[in-house]
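In what follows, every heavy atom counts, from backbone to side chain, and hydrogens, waters and symmetry copies are set aside. Just so it is clear: chains get the letters A, B, ... in the order the sequence lines come, proteins before strands, and each one is counted from 1.
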2 protein chains.
Amino acid sequence: MSQLPEQPTMTSVPTSADVARLAGVSRATVSYVLNNNATVRISEQTRRRVREAASDLGYVPHAAARSLRAGHSRMVLLPTWHIPAGPLHQRFFHALQSDLRRLDYTVVQYGSGGLDADEAARAWAELRPVAVVSPGGPALTPYGIDVLTRSGAKAVITLGPQPVDGAHALVMDQRVVGSCAVAHLLARGRRRIGVVLPQEPGLALFGEPRLVGARRTAEAAGAHVQPLPLRYEEESAAQLASRWRTLGLDAVFAYNDEYAMLLMRALQDAGIPVPGETAVIGADDLMLGRLLRPRLSSVRMELAAGQAPAELIDRLVRHPGGTPERHDLLRATAVPRESS
Amino acid sequence: MSQLPEQPTMTSVPTSADVARLAGVSRATVSYVLNNNATVRISEQTRRRVREAASDLGYVPHAAARSLRAGHSRMVLLPTWHIPAGPLHQRFFHALQSDLRRLDYTVVQYGSGGLDADEAARAWAELRPVAVVSPGGPALTPYGIDVLTRSGAKAVITLGPQPVDGAHALVMDQRVVGSCAVAHLLARGRRRIGVVLPQEPGLALFGEPRLVGARRTAEAAGAHVQPLPLRYEEESAAQLASRWRTLGLDAVFAYNDEYAMLLMRALQDAGIPVPGETAVIGADDLMLGRLLRPRLSSVRMELAAGQAPAELIDRLVRHPGGTPERHDLLRATAVPRESS
DNA sequence: TTGAAAGCGATACCAT
DNA sequence: ATGGTATCGCTTTCAA
């Protein structure tokens, strides 16, 4: 396997006892040295001997044993469900990870696909995380929250479009996206607004709330919203475009930029002028939207920077038991270009 | 926190001893019952009492304690480095996760950003995984492989563009992408071929090997390849387009479809006919490429299905110590459309 | 300055 | 059919 020369048939995994033996000290001393325990004075010579022994053996402490002894871990569990993560989410996860690492937490992503909400909660609880940040997928149930809390989790936090009762919530309220898009279209004088609903399974989670936000804003202004199911295929877009004029719409919020590009192309191919007859706006502000003609208007989404989520988690872990907090993360701004 | 009524001030986390006490049996019996241990007969009545006690207390076994006792875990560690994952990788991870779960492994993604290769290897070893599947980022070193192996990992597997000495390898050799793109352009009669190199930090990892593959295939045919650094911004593309004719190229492989779209738009805006004067081909076969005019040619990438990676890992775990195996996962095929 | 030993939670052997 | 108990690797109190 590994081709390093010095490896005297070490069959089993080295433990701190092996290190102690090799260094000629007790296991306690090994622990003191390797953890730089300040409450105890150890001679420099002993320290060196211990460290050398450890590195000779390739000793690495056993995290499970350690946290078993300690009675707690610093693991923050981040379950995943394979809802395909966009760049926004990826950036968020990455920032959360490095921020939490800086606060000395260990972040572990745990793939939970195929489990139902309560099975998943139990599986998570087995790992005894100090905090759980649960994104979308099957929503956490009160039972799940209970299991996690009883298993010692100091903070149970949901992450997603809506909060869940009894847990803290990092809310990325997708309604603001639809709301923002429609507000922009209304400002442009459009009144009969289509809203694309992607038919791909995972995306309903975002599509629905965006529609709700769009509808709410439209109705507040006495305008009308029409849901438009669409699959992410040229054929589906062509069909929609072919019956476009029967719909009598003067604008469309196309869920995101990719669907917007798909639909806009289909509309153009069907001879519908954009934005002349129908305005189009997407979301995500992809670079690619600027390459089309007309350039695609979009809704740019950002995650609020104010209270860094990592610090929130840290605070909740240190002072558990408060009433559930809600933090809104998502900001949306319209980026008008030529298509609307 | 949780609002469930029945919670009689349970301050500490319930253990199997608590379950035993409540059920009026020994901890051994609890273990037998909850693990459905077949080597021992337990009366149906006792079983029920134990199960009820467990569920009353919200008992969930402690994974760390269990694997400490067992001396091994079934955790497959999948380190991540926040190299933004494309859909191809996401699909791969997801498939790997569910396949491994089916084989009764626990898959854990561990964010390792900010650590260097050897620190990371030690951090992974602390978790005592039974297998590690290490994607790109800082490449695993011989020392890292050694630490992991000594810590009890039965299989150390790299995942990425190149294999690493001493470990098994799931290879996604990006050279075949460049090779495939250039082969297609050569077949179309092009001879002076530009190859876009994205300047974004993370992407060099893929860009370089694609260039190498492109160059190899071109030179084998006596054709020439010219590297073209490009940032993913309109301005950068416009600059490149403005000096295009001085380059004397009749084709370009643009790294991927996004860069291809960016560049193609810039070329068109600069009055360079595509594909008349310069052919363009991307990679990833994004839906969006079909919406441009001319429709964008692309290289479609697929992961070989043959030997499912999960089964490979399972085999390596059960029969450790063989010589390092290499498995090529990436297949590339040209998808000719109008731009080339 | 160092060592002996208890104990974290779960499991499996050996008794009963 | 069930219970007592040693054990996994590590940390930490208490003694020496």
At less than 4.0 Å, is any side-chain N or O atom of [X] found next to OP1 or OP2 of [N]? Yes or no.
X	N	value
Thr15(A)	dG9(D)	no
Ser67(B)	dA10(C)	no
Ser16(B)	dG9(C)	no

In whole angstrom, what separates [X]'s [atom1] from [N]'s [atom2]?
X	N	atom1	atom2	value
Leu68(B)	dT7(D)	CG	P	14 Å
Arg66(A)	dG9(C)	CZ	C1'	18 Å
Arg128(B)	dC8(D)	CZ	P	14 Å
Glu126(B)	dG9(D)	CD	P	15 Å
His62(B)	dT11(C)	NE2	P	12 Å
Arg69(B)	dG9(C)	CZ	C1'	11 Å
Asn37(B)	dC14(C)	CG	C1'	14 Å

For this session: Could you tell me which non-hydrogen atom of Asp118(A) sits nearest to which non-hydrogen atom of Gly144(A), and how far apart they are?
Result: OD1-N, 4.0 Å

Determine the contact category for [X]: base if any of its heavy atoms lies under 4.0 Å from a base atom, sugar-phosphate if only primed atoms, P, OP1 or OP2 are that close, otherwise nothing.
X	result
Thr46(A)	sugar-phosphate
Arg41(B)	base
Ile42(B)	sugar-phosphate

Main-chain N/O of [Y] paired to [X] side chain as donor or acceptor, under 3.5 Å:
X	Y	value
Arg326(B)	Val171(B)	no
Ser112(B)	Leu115(B)	no
Asp18(B)	Thr15(B)	yes
Thr158(A)	Ala167(A)	no
Arg27(B)	Ser16(B)	no
Ser98(A)	His94(A)	yes

Exercise. When you measure from every atom of DNA chain C, which of residues 27-36 of chain B have a heavy atom less than 4.0 Å away?
Worked result: Arg27(B), Ala28(B), Ser31(B), Tyr32(B), Asn35(B)

